[in-house]
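Indexing begins at 1, ligand by ligand and atom by atom, following the structure's order.
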Amino acid sequence: MDLQGRNLIAPLDLSVAEMEWLFDLAGRIIARPEDYADVCKGKLLATVFYEASTRTRLSFEAAMLRLGGQVIGFSEPQSSSVIKGESISDTIRTIASYADIAVMRHPKEGAALVAARQSGIPLINAGDGGHFHPTQTLTDLLTIRLEKGSFDGITIGVCGDLKFGRTAHSLVCAFSRYSGVRFIMISPDELRIPEYVRDEISHLEFEEVRDLTDALPQLDVLYMTRVQKERFFNEEDYIRLKDSYILNAAKLKNAKPDLMILHPLPRVNEIAADVDDDPRAFYFRQMRNGMYIRMALLMALLGKGV
Ligand code: NCD
């Protein structure tokens with residue numbers, strides 16, 4: 001599989017075969033991480049973050065360091081020339097002249113695509129506004145695959161802010177190529193999945209509902225999401241909608257014994273702490289898998305040891 005030199009901007013940029021190949025590589029890294037300790041020696045990753053991040057940025061940095069590479073970057077645009085009015089294109093050109101690969105997060109939809117046109121080095125979209133977040137999706141799919149073996153015949157509930165949630169958009173689009181998947185979209189009316197995402201899965205079985213409790217017993221995977229405060233135009237709407245769904249231990253009584261509860265994190269109130277010790281809570285394992293799949297992705301895009 002040759003992914004060397006490619007960008008990852010949108011969830012459909014990778015074919016099913018390419019994704020499966022990355023999952024297999026991540027599995028091998030999980031089994032024997034020591035075999036990969038030097039594969040990216042001499043390579044430099046730039047992390048270019050214009051928006052807050054804990055897991056995505058740190059897991060990319062940890063991934064590169066664990067592969068023997070090094071990292072430069074900024075996590076606060078205020079500390080870079082962005083504050084002087086520099087454009088994304090000029091910033092990315094600069095970074096590309098120092099680093100071998102870059103990861104970018106930006107509040108504007110399409111920013112990563114614009115940057116990729118100028119970069120000349122592989123560019124990975126770590127979230128562009130309320131649009132896509134393809135490496136979170138790789139993390140999510142790897143987590144389901146490790147547990148369930150395949151995606152065939154599974155019912156996935158995606159719950160919360162399906163309008164602004166880029167992780168939900170990317171996940172749904174990525175699954176559009178797996179015909180054995182059924183979706184239940186659970187959201188308030190105001191936060192329903194946008195049409196461009198719904199169109200991608202028009203050939204799959206899916207329904208849109210408001211109630212989580214009714215849908216819960218049918219689910220094999222429940223993907224909870226945070227209401228995206230930063231994308232709201234007014235605070236009143238956010239306050240009204242922010243606690244639309246709160247999953248707790250009592251509600252899980254009606255769920256399947258082998259349900260997987262996923263969440264890209266950070267959570268606010270949508271999963272109560274009393275769920276954390278339930279064996280069906282996978283969100284912390286999911287978070288760790290994010291580092292392994294990013295190790296596989298960095299290796300592949302750099303053409304290293306594969
Ligand atoms: C997500 C994001 O940034 O879109 N976080 C993450 O990368 N794990 C989810 C969110 O912020 O709600």
State, yes or no, whether a side-chain contact exists between R280 and M260 at a heavy-atom distance under 4.5 Å. no
Taking only residues at least two apart or on different chains, which pairs with a member in residues 78-131 satisfy ring-ring contact (aromatic ring centres under 6.0 Å, His included)? Y50-H106, H131-Y196
Could you check whether K242 pairs with D161 (Lys NZ or Arg NE/NH1/NH2 to Asp/Glu carboxylate O, under 4.0 Å)? no
Run through ligand 1 for me and note each protein residue having a heavy atom under 4.0 Å from it, chain first, then residue number. T56, R105, H133, Q136, R166, T167, R226, Q228, P264, L265, P266
Looking at side-chain heavy atoms only, is the closest gap between Q286 and D140 below 4.5 Å? yes
Check whether the side chains of Y245 and N269 place a donor and an acceptor atom closer than 3.5 Å, and report yes or no. no
When you compare the side chain of P194 with that of H169, does any pair of heavy atoms fall below 4.5 Å? yes
